[in-house]
Amino acid sequence: MIRILIADDHAVVRKGIIQIIKDDFPASFLQEAVTGEQLVKMALAEEWDLIISDISMPGRSGMDALLQIKNVKPNQPVLILSMHPEDQYAIRVLKAGASGYLNKDSASDDLVKAIHTILEGKRYITSGTANEMVSKLHQPSNVILHQILSDREFEIMKLIAKGVATSVIAANLSLSISTVSTYRARILNKMNVNSNAALTLYAIEHNL
């Protein structure tokens, strides 16, 4: 019997994932987490054959949870299942130790295949992610600015671009306002812009 932990803040998404898994693994043991904090607590408290997690959740993000889980359990397989396009997060989460990245739009078709691949001890990489990785290898000098940001900087950059207030970002990410302001200054410097409006324009132009 395989043990799978599913983390997503939307009940309908969790139920859909559970149904897909149950159809192919009827004897599986499935548990649910709703927040990043709950995910980390459950992930570290028990043994799991696979963890399936969203990126965007209340409080601690899926990326933060992934990093903490892999720090304690480096061999824990984690599949990131997200609404965000592959070109935004796939390579980031793979570098962070995830066993695969899957867009929710293709989950009904590819989730079972991804699970089988990961349970075999392999990484699940879609053709789109593979093509992007090859493209980066052949174009080392063609750096896209947002790709030089750290995972935390990238997360905060997207929130700033959405118009989320500094105080709200700080509360959601459990950071101080001054820390968020420091991140903002670093992001503006790396992105070579001087305002939140410029970040928003960049995010729109790059479909972020």
Side-chain angles (χ1 to χ4, degrees), residues 7-10 12-13 33-37 39-40 52-70 78-98 100-107 125-126 128-129 131-133 135-136 139-208:
D8 196 291
D9 58 318
H10 295 97
V12 65
V13 173
V34 180
T35 66
E37 288 80 4
L39 165 59
V40 172
I52 300 175
S53 175
D54 190 9
I55 282 281
S56 303
M57 290 187 289
R60 186 193 302 270
S61 71
M63 178 64 79
D64 278 351
L66 169 65
L67 292 171
Q68 185 169 350
I69 292 168
K70 297 297 289 188
V78 180
L79 170 64
I80 298 297
L81 183 64
S82 174
M83 61 176 284
H84 297 290
E86 292 179 30
D87 60 358
Q88 289 187 27
Y89 275 109
I91 293 179
R92 286 180 180 272
V93 300
L94 290 171
K95 286 182 177 179
Y101 185 92
L102 191 60
N103 188 280
K104 287 181 179 178
D105 288 340
S106 59
I125 301 176
T126 65
T129 300
N131 289 336
E132 184 180 358
M133 294 173 74
S135 177
K136 289 181 183 298
Q139 297 177 351
S141 62
N142 187 21
V143 177
I144 299 175
L145 288 176
H146 69 266
Q147 292 179 344
I148 67 176
L149 299 177
S150 69
D151 295 330
R152 177 65 89 184
E153 289 168 348
F154 182 64
E155 182 178 23
I156 292 176
M157 185 272 282
K158 291 183 66 176
L159 292 172
I160 292 173
K162 289 179 180 178
V164 181
T166 299
S167 59
V168 176
I169 296 174
N172 287 344
L173 300 181
S174 299
L175 300 172
S176 68
I177 292 177
S178 62
T179 297
V180 174
S181 296
T182 299
Y183 271 115
R184 175 183 177 276
R186 194 181 305 160
I187 292 165
L188 293 178
N189 181 59
K190 286 186 176 182
M191 298 291 290
N192 195 29
V193 297
N194 56 14
S195 69
N196 291 0
L199 281 181
T200 300
L201 179 60
Y202 179 94
I204 292 172
E205 290 176 343
H206 290 80
N207 298 315
L208 299 179

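- Side-chain contact between S181 and I177: present, with at least one pair of heavy atoms (C-beta onward) separated by less than 4.5 Å.
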Check your understanding: Step by step, would you call Y101 with I125 a side chain to side chain contact (heavy atoms under 4.5 Å, CB included)?
Key -> CA-CA 7 Å; Y101 185 92; I125 301 176; over 6 Å; no

Please tabulate, one pair per line, all N/O donor-acceptor pairs under 3.5 Å involving side-chain atoms of residues 148-157, not counting sequence neighbours.
from: S150; atom 1: OG; to: E153; atom 2: N; distance (Å): 3.1
from: S150; atom 1: OG; to: E153; atom 2: OE1; distance (Å): 3.4
from: D151; atom 1: OD1; to: R92; atom 2: NH1; distance (Å): 3.1
from: R152; atom 1: NH1; to: D64; atom 2: OD2; distance (Å): 3.1
from: R152; atom 1: NH1; to: E155; atom 2: OE1; distance (Å): 3.2
from: R152; atom 1: NH2; to: D64; atom 2: OD2; distance (Å): 2.8
from: E153; atom 1: OE1; to: S150; atom 2: N; distance (Å): 2.9
from: E153; atom 1: OE1; to: K190; atom 2: NZ; distance (Å): 2.9
from: E153; atom 1: OE2; to: K190; atom 2: NZ; distance (Å): 3.3
from: E155; atom 1: OE2; to: S61; atom 2: OG; distance (Å): 3.3

Check your understanding: When you look at M57 and V34, which way does the side chain to side chain contact (heavy atoms under 4.5 Å, CB included) test go after all the steps?
Key -> CA-CA 8 Å; M57 290 187 289; V34 180; over 6 Å; no

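- Rounded to the nearest 0.5 angstrom, E37 CD and S174 OG are separated by 6.0 Å.
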Point to revise | Steps toward side chain to side chain contact (heavy atoms under 4.5 Å, CB included) verdict (M191, L199) | key: CA-CA 8 Å; M191 298 291 290; L199 281 181; 4.0 Å; yes

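- Of all heavy-atom pairs spanning K70 and A96, the tightest one is CG-O, 4.0 Å.
- Between S53 and L81, the closest side-chain pair of non-hydrogen atoms is not below 4.5 Å.
- With contacts defined as side-chain heavy-atom distances shorter than 4.5 Å, the pair T200/I204 qualifies.
- Here the CZ atom belonging to R184 is positioned 13.5 Å from the CG atom belonging to L159, to the nearest 0.5 angstrom.
- The shortest non-hydrogen separation linking I80 to A98 is CG1-CB, 4.1 Å.
- When all heavy atoms are compared, the tightest approach of V93 to L66 is O-CD2, 3.9 Å.
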Review point. Between D8 and K104, does a side chain to side chain contact (heavy atoms under 4.5 Å, CB included) hold up when you go through it step by step?
Key: CA-CA 11 Å; D8 196 291; K104 287 181 179 178; 2.8 Å; yes

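- No side-chain donor-acceptor contact under 3.5 Å links T179 and T182.
- The side-chain heavy atoms of I160 and I169, taken from C-beta on, include a pair separated by under 4.5 Å.
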